[in-house]
Each structure stands twice: as structure tokens, then as C-alpha cells.
Amino acid sequence: MALQVTNRLTRQKEEFVPLVDGQVRMYVCGPTVYDHAHIGHAKTYISFDVIARYLRYKGYQVRYVQNITDVGHLLDTGEDRILKKAGALSVEPMEVVEAYARSYFEDMDALGVQRPDISPRASGHVPEQIEITQVLIAGGHAYATPDGDVYFDVNSWPEYGKLSGRRMEDLQSEREIAGSEKRNQADFALWRHAEPEHLMQWNSPWGKGFPGWHIECTAMATKYLGETFDIHGGGLENQFPHNECEIAQSEAWTGKPFANYWLLTGSLTINGEKMSKSLGNFITIKEALGILPLPEERRDLVDVVRPEALRTFILANHYSSPLDYSREALQGAARGWERLIGAAGLARFKAQSAPQGDAAAGFQTVLDEQRARFEAAMDDDFNTPVALSVLHDFTREVNSLLNSDEQIGSIILEKISAFYDELGRGILGIIPSDLTEMGGAPERLDGVVNLLITMRAEARAEKNFAQADQIRDRLAEIGIVLEDRPDGTVYKLA
RNA sequence: GGCGGCAUAGCCAAGUGGCAAGGCAGCGGUCUGCAAAACCGUUAUUCACCGGUUCGAAUCCGGUUGCCGCCUCCA
């Protein structure tokens with residue numbers, strides 16, 4: 001079935017047709033590495049992680065490029081984010097970049113986000129950015145000021161605003177900046193001159209300076225994906241001005257379309273409010289996963305959950321929709337996720353002692369039907385909420401089968417496991433690869449718990465329920481939950 | 001003020017013309033020594049509000065209200 005995607009550029013749902021048959025080239029705006037990543041980053045990058053995973057599942061050869069911004073991204077005070085942080089910590093700017101780039105990848109790894117194929121850094125592509133800027137000046141799309149700044153001339157590009165729906169008249173009616181060397185308020189910097197004390201600067205035809213924020217994406221996307229590529233992704237809050245500027249400068253430079261499909265993720269809010277440090281409702285990924293402690297004043301904001309549960313919460317909403325983070329909503333998603341892994345784990349448990357053969361072969365119909373529904377959902381603009389509901393429907397069927405008296409052969413049990421493995425783990429990334437080691441239970445712990453389970457079984461056989469319950473209750477207190485099944489007792493780590 | 005988007009049960013959420021998916025919470029039941037888990041049943045005559053188009057609208061059109069994002073840095 002054909003994949004449909006909602007293209008923000010055309011504002012329509014379209015059939016996805018890559019430039020080169022069988023290949024997908026995708027660029028996603030990455031983080032500026034001046035602080036730990038937060039759960040808004042998690043929403044964006046988990047969304048594109050699933051998109052990349054699904055494209056590969058469909059058989060496409062995907063090249064996924066996601067940049068690291070480490071220079072030129074200024075605060076509204078005009079300070080460079082990286083330099084400001086370096087000054088505060090009294091370290092080299094590149095130490096800040098290195099520390100937070102590592103932190104970012106740690107977080108993405110913890111969330112099960114597969115690494116992009118290329119993670120280029122802006123500071124490593126300054127010559128490319130200078131070259132593009134020169135061509136834009138030569139083509140009459142940019143101009144240098146006496147100070148050594150270079151601005152893109154939006155008046156030279158009538159299509160400026162086509163992604164975000166802004167019109168030039170609206171932009172020009174905005175306030176004027178006193179003393180600005182820009183010809184037009186909407187003009188944006190391609191290059192900025194640096195004062196001698198500025199720590200990150202490079203030689204250029206316009207003197208010492210550093211690249212503007214937007215031009216890096218043009219340089220790195222086209223370098224690794226070509227002048228025109230398939231998918232450009234990012235967060236909706238960067239649609240204007242960042243994405244708009246990217247399109248203008250890229251297309252003015254090459255004379256060709258930049259990206260064919262624009263996929264933008266909806267923003268994340270917390271309890272209905274924008275997440276920001278000033279509001280005190282900022283949650284980093286490390287805090288959400290319990291890797292770093294949450295300060296007292298934000299402790300009632302968040303419940304620490306497993307990464308797969310956080311992914312489930314994010315994927316229970318469509319990538320393009322806004323998502324409001326609340327404890328209640330997160331807990332609801334986490335509970336639903338537990339149901340899924342309960343069934344997936346039970347299937348693996350049963351497979352260990354299943355009779356050979358194809359008993360219960362009739363279940364093949366369910367496997368086929370639910371996989372088709374899952375794929376149909378994902379083909380429809382990566383509709384993960386529906387894909388998740390398919391997993392739930394499938395899980396009801398699985399639970400009914402596994403809890404029935406019916407003989408189930410190893411073939412069907414392995415197919416059930418493969419279903420969870422390919423769709424739940426491989427595409428959505430919410431089913432852990434080794435359920436018996438959920439929460440990191442090492443083999444010795446496994447042995448100890450099994451010993452206690454045996455002792456409890458003996459107590460139960462002697463109708464010594466007081467002792468049996470004591471074993472179960474005290475294990476529950478330390479987070480080990482026992483469940484009695486007709487075919488034996490299993491345990492889960494809470 | 002301008003641009004973009006959203007409004008579906010207690011909570012989350014899918015659904016763009018033909019009787020309102022799924023999850024969480026709740027309630028009733030089955031199973032269990034008791035639990036837990038699981039399964040079965042149940043929970044929106046109704047989709048912010050008011051008009052219109054249509055045999056038929058949550059879905060299309062017009063208007064109203066509320067909320068969010070962006071317009072200045074943010075994924």
C-alpha cells in the first residue's frame with residue numbers, strides 16, 4: 001500500500017514518492033547543544049525515529065541526517081548560546097559543545113532513538129556556509145554591510161513565506177530596528193562579524209566572523225543529501241523563521257526545490273503551558289527517566305517512568321499534533337504499555353516450554369489481519385495512535401489465547417513473539433528486547449526470586465497461606481510482583 | 001494586531017460525508033485459598049456553540065467562543 005504523508009508545504013496529504021526509487025533522504029533540524037535536552041526534544045526525535053524506522057521497514061534505504069548546532073545560534077540579547085554558557089562555566093566553548101552533545105546522545109540512546117546516519121556539526125561546515133553566502137551575494141540575493149555582516153535580501157525572493165503562510169506585507173509592517181544595517185526588517189543574517197574577544201570566529205571574505213543560524217542547515221542538508229531531497233523534518237516552532245529562511249536561501253542558491261516533503265512535529269506543553277525555564281516547568285529527559293534527580297520545586301510535576309513508557313505516551317499522539325504533558329496522561333499511557341509488555345513477555349515465557357508444532361495454527365489469521373491493520377495505520381501519515389490501538393487489539397487476542405486451555409505450538413508462540421518484536425520493538429521501539437531482564441534483573445536475582453517462588457509454592461501446598469502471603473507481600477514491597485498462573489508463578493519487576 | 005493550528009466521554013486519543021477505534025480510570029462478572037494479571041460485559045443518541053449545504057455531517061461552508069504555537073531564542 002502506498003504511504004501517504006501530510007506535507008506542510010502544500011498543506012495536503014500526499015502520496016510519498018521519493019526522488020530515487022527505493023531511497024529516502026531525510027534531514028531533521030537537530031538541537032543546539034548548550035544545555036541538557038528536554039522532553040520536547042524527546043517528542044520531536046522519537047517521532048522522527050519512528051518515521052525512519054518505518055521507512056526502513058517498508059524497504060527503503062534511508063539516509064537520515066540530523067545536525068548538531070554548535071555555533072551561531074544567538075539569544076535575543078545577541079549573545080551566542082554556546083559562548084554564554086562557556087563564560088558561565090569558565091570553559092572553552094567546544095567543551096560546552098562536547099559535554100552537551102554527549103549528553104544529548106546519551107539521552108537519545110536511553111530513549112531507544114536510533115542514531116541518525118550522519119550527525120554533522122555547524123562548526124565543521126563553515127567553508128561550505130561561506131561558499132553558499134558568496135553565491136547568494138553574486139546572485140543578488142544577499143548583501144554585505146560595511147560592518148562585515150551579510151544578510152539575505154528577502155525582497156529578492158518573492159516566495160519567502162510560502163511554508164508558514166506569512167506575507168511580505170505583514171512582515172514589513174513590523175517594527176523598525178533603530179540603527180539596523182538591514183535593508184528590510186525581515187532580512188536575516190547569513191554571516192556576522194565577530195568582535196576580537198568573540199571566541200568562535202573564522203576568516204571570511206567579509207572579515208572575521210561566524211555563520212548565521214539558518215545557513216548551516218542549508219549547507220549540511222545539501223552536502224549530504226543533494227540540492228533537492230525528500231523529507232525535511234523539525235519542530236513546528238521552528239517553522240518561522242528558521243525553516244522559512246532555509247527554504248529561501250537554499251532555493252535562491254540552487255534554483256531548485258529544497259525539500260519535497262515538510263513534516264513538522266507539534267509542540268509539547270506541560271499542564272497546558274509552554275515549557276520554559278522562566279515558568280519553572282522545564283523537564284529534562286534525564287529527569288523524566290530518573291537519571292538525574294528532580295529538584296524539590298519540580299518534584300510534583302513529573303512521575304519517573306521507563307523510557308519505553310515515555311515513548312508510548314508520545315506515540316499515543318499523532319506526531320503533528322500538539323501534546324500536553326500531564327502526570328495523569330503519562331500514567332494512563334504507562335499503564336497501557338504495561339498491558340502490552342505483559343502479553344509479549346507471557347508469549348516468550350510460554351515459548352520456552354511449548355510443544356513443537358503448529359497447534360493453534362488458526363491464530364495465523366489474527367497475526368495476518370493485525371499486521372495489515374498496523375501497516376495501514378502507519379501508511380496513513382505515520383498514524384502511531386492507531387498503530388498502538390492495533391497492538392492493543394492484538395494483545396487482547398493474544399491474552400485470550402494464552403490464557404485459554406488450548407494447546408499452543410511453538411510455531412504460533414514464536415510468531416506472536418516476532419509480531420511484538422518487529423512492530424512493537426522494531427518500529428515503535430516500546431517493547432524491550434529482553435523482557436526477562438526488564439529493569440536490569442541479573443541472573444542471580446532471577447535465581448533468588450525463583451527460589452522464593454518455590455518456597456512459597458511449598459507453603460501454599462501445605463495451606464500455610466500466612467507464610468505464602470508474607471513472601472509475596474514482602475517481595476511486592478521491594479518491587480517484585482508475583483502472579484500465579486495455572487502453569488506456574490511468574491514475577492515482574494515493578 | 002498578523003500567521004499557523006486545535007476544540008471528541010472523568011483523563012489521553014483515532015476518526016475529513018453513511019450507524020463514534022483504542023488505552024487509562026470506574027462499575028458488574030469469570031478465574032484465584034486471597035490477590036495480581038487476564039478475559040467478558042458496561043461507561044459519549046453524541047463530537048465547544050450558532051446557522052447553512054446534503055437523503056445523510058464529528059467530518060463540508062459561514063459565523064461565534066475558548067485554548068495553544070509562532071511573529072524575538074527555543075525541537
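Chain letters run A, B, ... following the sequence lines, proteins first and then strands; every chain starts at 1. What you see below is based on every heavy atom in this structure, not just the backbone, and it leaves out hydrogens, waters and symmetry mates.
One can place CG of A:Leu315 at 20 Å from P of B:G22, the figure rounded to the nearest angstrom. Here the P atom of nucleotide B:C68 and the CE atom of A:Met275 are 16 Å apart, to the nearest Å. The nearest whole Å value for the distance from the CG atom in A:Asn238 to the P atom in B:G69 is 15 Å. In this entry the distance linking CG of A:Asn317 with P of B:C6 reads 14 Å, nearest Å. For the pair A:Asp405 CG and B:A38 P, the computed distance is 19 Å after rounding to whole Å. Here B:C71 presents its C1' atom at 6 Å from CZ of A:Phe240, a figure rounded to the nearest Å.
A residue-by-residue look at A:Ser400 and A:Asp484 shows that A:Asp484 has its nearest nucleotide of RNA chain B further toward the 5' end.
In this structure, a donor-acceptor pair under 3.5 Å is present between the side chains of A:Thr69 and A:Asn67. For the residue pair A:Asn271/A:Arg327, the side-chain donor-acceptor check at 3.5 Å is not satisfied. A donor-acceptor pair shorter than 3.5 Å can be found between the side chains of A:His318 and A:Asp381. Side-chain polar atoms of A:Asp70 and A:Tyr100 form no donor-acceptor pair below 3.5 angstrom.
Between the side chain of A:Arg8 and the base of B:G4, no donor-acceptor pair of N or O atoms lies under 3.5 Å. Judged by distance alone, with hydrogens and angles left aside, A:Arg396 brings no side-chain donor or acceptor close enough to the base of B:A38 to form a pair under 3.5 Å.
With a 3.5 Å ceiling on both atom-pair distances, the Watson-Crick or G-U wobble partner of B:G28 is B:C40. With both pairing distances under 3.5 Å, B:U45 is matched to nothing as a Watson-Crick or G-U wobble pair.
Of the listed nucleotides (B:C12, B:A75, B:C68), B:A75 has the atom at the smallest distance from the side chain of A:Leu268. Counting only heavy atoms from C-beta on, A:Arg335 has its side chain closest to B:C24 among B:C24, B:C39, B:A75. Residue A:Pro241 places its side chain closer to B:C71 than to any other of B:A38, B:C71, B:A14. Out of B:C70, B:A21, B:C11, the shortest distance to the side chain of A:Glu328 is found at B:C11. Here the side chain of A:Asp469 is nearest to one of B:G33, B:G23, B:A21, namely B:G33. In this structure, of B:C12, B:G33, B:A75, it is B:C12 that holds the atom nearest to the side chain of A:Ala329. Side chain of A:Arg460, nearest nucleotide from B:G69, B:C34, B:G4: B:C34. The side chain of A:Ala468 lies closest to B:G33, out of B:G33, B:A75, B:A37.
Between the side-chain ring of A:Phe465 and the base of B:G33, a stacking contact exists by the 5.5 Å and 30° definition.
A salt bridge does not link A:Arg373 to A:Glu369: none of the charged side-chain nitrogens sits closer than 4.0 Å to a carboxylate oxygen.
In this model, the phosphate group of B:C39 is approached by a side-chain N or O of A:Arg339 to a distance below 4.0 Å at OP1 or OP2. Look at A:Thr312 and you won't find any side-chain N or O under 4.0 angstrom from OP1 or OP2 of B:G23. Between B:A75 and A:His41, a contact under 4.0 Å exists linking OP1 or OP2 to a side-chain N or O.
Summarising the geometry of A:Tyr420 relative to A:Ile431, their closest heavy-atom pair is O-CG1, 4.0 Å, with the distance given to 0.1 Å.
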